[in-house]
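Just below is one structure, and these are the notes that go with it.
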Amino acid sequence: MSATIERHSTIEAPIEFTFRFVADYTNVPNWMFGITAFHPCGEQDAGPGATFDTSFSSGVASAQFQLTAAEWRADELIVLESVSGPYVRAAFAFAAHDPDATRLHVTITYPVTGGVAGRLLKRVSDAIANTAIRHVETSLRREVLAAYALRGQ
């Protein structure tokens, strides 16, 4: 059983730059909520099938898992899904807002347990997920803008 939340934003940087920034695994711990380590498993570090050892810690929970790039279309979409550990899915859809701005749609799917305990824990899970997606969207926008401002220096 899982739940999904989403958030939209506009980033004042061209779509190609924004996509490359998100696609660069070395940037992920700077903007992805709770991610403390994100390293490729093997040689492939981008594109469909790239897999990453991931460490997560939110203060409430921590986990080690692997994420793989389940979908990858240049300047359009990156979907990361867990292949080990708890099931999570993060999708980043990119669209040109105008030549100098990108519309970003972030969707996060996370596990929710069933039963009475699951209903009680869902409030906590939802609160963490809402904090996470706000953090991702805000931090990603801030980090892309900073990198874009520094691109010519």
Side-chain angles (χ1 to χ4, degrees), residues 1-96 101-113 121 124-153:
M1 188 174 202
S2 61
T4 300
I5 57 172
E6 52 192 297
R7 193 163 170 117
H8 303 271
S9 69
T10 300
I11 300 174
E12 298 299 322
I15 193 169
E16 298 84 5
F17 184 90
T18 303
F19 184 88
R20 278 194 321 271
F21 186 91
V22 173
D24 182 346
Y25 77 92
T26 63
N27 294 324
V28 172
N30 297 328
W31 56 266
M32 183 74 82
F33 176 80
I35 300 300
T36 57
F38 194 79
H39 304 287
C41 300
E43 300 279 323
Q44 186 179 354
D45 64 4
T51 302
F52 303 89
D53 283 325
T54 308
S55 296
F56 172 85
S57 179
S58 71
V60 175
S62 62
Q64 303 288 318
F65 50 97
Q66 286 186 337
L67 292 175
T68 192
E71 295 182 55
W72 189 289
R73 291 191 303 273
D75 300 335
E76 290 181 30
L77 180 68
I78 296 173
V79 177
L80 300 173
E81 288 185 351
S82 57
V83 292
S84 71
Y87 177 77
V88 293
R89 181 180 190 273
F92 304 89
F94 305 81
T102 303
R103 186 81 173 140
L104 180 65
H105 180 136
V106 179
T107 306
I108 297 177
T109 303
Y110 57 96
V112 178
T113 57
L121 290 174
V124 173
S125 296
D126 289 350
I128 292 170
N130 280 308
T131 298
I133 201 163
R134 278 192 310 275
H135 175 89
V136 166
E137 183 267 325
T138 301
S139 297
L140 186 52
R141 187 169 5 97
R142 180 188 66 237
E143 294 292 325
V144 168
L145 289 174
Y148 189 64
L150 293 173
R151 75 192 179 286
Q153 298 178 8

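Keep in mind the model is a prediction, meaning the values are calculated, not measured.
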Using every non-hydrogen atom in the two residues, find where [X] and [Y] come nearest and quote the distance to one decimal.
X: A13; Y: V144; result: CB-CG1, 3.8 Å
X: A50; Y: Q44; result: N-NE2, 3.4 Å
X: L77; Y: E71; result: CD2-OE1, 3.3 Å
X: F21; Y: E143; result: CZ-CB, 3.6 Å
X: P14; Y: T102; result: C-OG1, 3.2 Å
X: V106; Y: V136; result: CG1-CG1, 4.2 Å

*Apply side-chain hydrogen bond (donor to acceptor under 3.5 Å, both in side chains) to D45 and list each qualifying residue two or more places apart in sequence or on a separate chain.*
none
*Heavy-atom donor-acceptor pair, S82 side chain to V88 backbone, under 3.5 Å*: yes
Please list, one pair per line, the donor and acceptor atoms closer than 3.5 Å that link side chains of residues 35-43 to other protein atoms, with sequence neighbours excluded.
residue : atom : partner : partner atom : Å
T36     : OG1  : S55     : O            : 3.4

Atom pair [atom1]/[atom2] of [X] and [Y] - distance to nearest 0.5 Å:
X: D75; Y: F94; atom1: CG; atom2: CZ; answer: 8.5 Å
X: F17; Y: I11; atom1: CZ; atom2: CD1; answer: 10.5 Å
X: T138; Y: F33; atom1: OG1; atom2: CZ; answer: 12.0 Å
X: S84; Y: D53; atom1: OG; atom2: CG; answer: 7.5 Å
X: L80; Y: Q66; atom1: CG; atom2: CD; answer: 12.5 Å
X: H135; Y: W31; atom1: NE2; atom2: CH2; answer: 9.5 Å

*Go through the steps to decide whether I78 and F19 satisfy the test side chain to side chain contact (heavy atoms under 4.5 Å, CB included), and finish with yes or no.*
CA-CA 9 Å; I78 296 173; F19 184 88; 3.5 Å; yes
*Is R20 salt-bridged to E16, going by a charged N under 4.0 Å from an acidic O?*
no
*Heavy-atom check, side chain of Y148 versus side chain of T18, under 4.5 Å*: no
